[in-house]
Amino acid sequence: MAHPFNQVNVSAIMAAAGLRRQTFYDYFRDKYDVLGFIYREEVAAAATYCRHYAYWPQTLRSMLRYFDANRAFYQRVLTLDMQNAPANVIQAHLRTTIGDVLADMQSTEHIHLAPAYVQFIQSVQSVALLAALQEWIGAAEPVTLAVENARLYRYLQDGLNGLAHSARATRVTLIK
């Protein structure tokens with residue numbers, strides 16, 4: 001569809017698809033739910049190993065490639081500010097991915113993090129990563145994909161290394 005997203009409604013989507021309006025509601029709550037579905041499907045295809053600690057750098061690179069390839073689309077939809085806006089879907093996905101990576105990291109590195117601390121890390125990191133992503137996507141003159149990847153890689157790697165080091169050094173559950 002070539003219309004601004006705020007001018008698109010469910011009836012128009014279904015007419016373009018040649019389907020009944022009720023069919024839409026069998027699968028989606030609203031047009032924003034469709035955006036969430038598209039994002040989850042496309043990112044899942046782009047970042048296959050997102051649940052594994054060992055592969056988080058590849059996941060980061062794949063996700064950034066996805067956003068870079070779809071930059072014009074996300075420049076528009078990330079400005080939407082409503083209850084189930086695409087930014088909320090992306091942040092929830094980042095939060096889940098971070099939790100999965102931390103769970104796998106605990107197993108791989110033989111460390112233990114208190115569940116409340118894992119939730120704290122998920123919350124802080126998902127907000128930070130979404131903000132960095134929005135800034136990069138929305139920039140009039142964005143840095144290259146390679147530069148953005150290198151910056152986020154270093155930020156995340158430093159955090160994960162510090163977390164693993166602290167947990168191994170104390171040999172107790174890290175932060176309750």
Next on the checklist: Is the ring pair Trp56/Tyr153 parallel, tilted or perpendicular, if the boundaries are 30 and 60 degrees?
Outcome noted: parallel

Checklist entry - Can a cation-pi geometry be assigned to Arg71 and Trp136, taking NZ or CZ under 6.0 Å from the six-membered ring centre and within 45° of the ring axis? => result yes

Checklist entry - When you look at Asp100 and Tyr53, which way does the side chain to side chain contact (heavy atoms under 4.5 Å, CB included) test go after all the steps? => result CA-CA 8 Å; Asp100 292 342; Tyr53 170 61; over 6 Å; no

Item to check | Tyr117 vs Leu163, side chain to side chain contact (heavy atoms under 4.5 Å, CB included): CA-CA, chis, key distance, verdict | outcome: CA-CA 11 Å; Tyr117 190 53; Leu163 187 60; 3.6 Å; yes

Item to check | Nearest-0.5 Å distance, OG of residue Ser107 to CG of residue Leu102 | outcome: 12.5 Å

Next on the checklist: Do the side chains of Asp68 and Arg65 get close enough for a salt bridge, i.e. N-O under 4.0 angstrom?
Outcome noted: no

Checklist outcome for this item: Value for CG (Leu133) from CG (Leu64), rounded to nearest 0.5 Å, stands at 7.0 Å

Next on the checklist: Going by the rule ring pair (Phe, Tyr, Trp, His ring centres under 6.0 Å), which residues pair with Tyr74 if we only count those two or more places apart in sequence or in a different chain?
Outcome noted: Tyr66, Phe67

Checklist entry - Counting only heavy atoms not in Tyr155, do more than 12 sit closer than 6.0 Å to its OH atom? => result yes

Checklist entry - So, do Thr144 and Val147 sit near enough that their side-chain heavy atoms are less than 4.5 Å apart? => result yes

Checklist entry - Could you give the distance from CD (Gln91) to CG (Leu129), rounded to the nearest 0.5 Å? => result 9.5 Å

Next on the checklist: When you measure from the side chain of Asn70 to the backbone of Phe73, do you find a donor-acceptor pair of N or O atoms at a distance under 3.5 Å?
Outcome noted: no

Checklist entry - Closest heavy-atom contact between Ala54 and Asp104? => result N-OD2, 4.2 Å

Checklist entry - What's the shortest heavy-atom distance between Gly99 and Gln122, and which atoms? => result CA-NE2, 3.3 Å

Next on the checklist: If hydrophobic clusters are built by linking Ile, Leu, Val, Met, Phe, Trp and Tyr wherever their side-chain heavy atoms come under 4.5 Å apart, do Val127 and Ile137 end up in the same one?
Outcome noted: no

Checklist entry - Yes or no on side chain to side chain contact (heavy atoms under 4.5 Å, CB included) for Val34 and Phe24, after CA distance, side-chain angles and deciding distance? => result CA-CA 9 Å; Val34 172; Phe24 178 90; 3.3 Å; yes

Checklist entry - Taking the side chain as C-beta and beyond, is there a heavy-atom pair between Lys31 and Ile13 under 4.5 Å? => result yes

Checklist entry - Which residues pass the salt bridge (charged side-chain N to carboxylate O under 4.0 Å, His left out) test with Glu109, sequence neighbours left out? => result Arg168

Next on the checklist: Nearest 0.5 angstrom please: Met14 CE to Leu19 CG, how far?
Outcome noted: 4.0 Å

Checklist entry - So do the side chains of Asp33 and Val89 get within less than 4.5 Å of each other, counting heavy atoms only? => result no

Checklist entry - Hey, what do you get for CG (Leu156) to OG1 (Thr59), rounding to the nearest 0.5 Å? => result 11.0 Å

Checklist entry - Does one side chain, of Arg21 or Tyr25, offer a donor that lies under 3.5 Å from an acceptor on the other? => result yes

Checklist outcome for this item: Heavy-atom nearest pair, Met63 first then Leu94, reads CE-CD2, 3.7 Å

Checklist entry - Looking only at heavy atoms, what is the nearest atom pair of Asn149 and Arg61, with distance? => result OD1-CA, 3.4 Å

Item to check | Minimum-distance pair of heavy atoms, taken over all atoms of Leu152 and Ala132 | outcome: CD2-CB, 4.0 Å

Checklist entry - Is atom CD of Glu42 surrounded by more than 12 heavy atoms (other residues, nucleotides or ligands) closer than 6.0 Å? => result yes

Item to check | Ala164 to Ile111 - nearest heavy-atom pair and separation | outcome: CA-CD1, 4.1 Å

Checklist entry - Do the side chains of Gln75 and Thr79 get nearer than 4.5 Å, heavy atoms only? => result no

Next on the checklist: Nearest 0.5 Å, please: how far is CZ in Arg95 from CD1 in Ile98?
Outcome noted: 8.5 Å

Checklist entry - How are the rings of His52 and Tyr55 set to each other: parallel, tilted or perpendicular (split at 30° and 60°)? => result perpendicular

Checklist entry - Any side-chain heavy-atom pair from Asn161 and His165 closer than 4.5 angstrom? => result no

Checklist entry - Is a side-chain donor or acceptor of Ser123 paired with a backbone partner of Gln119 at a separation under 3.5 angstrom? => result no

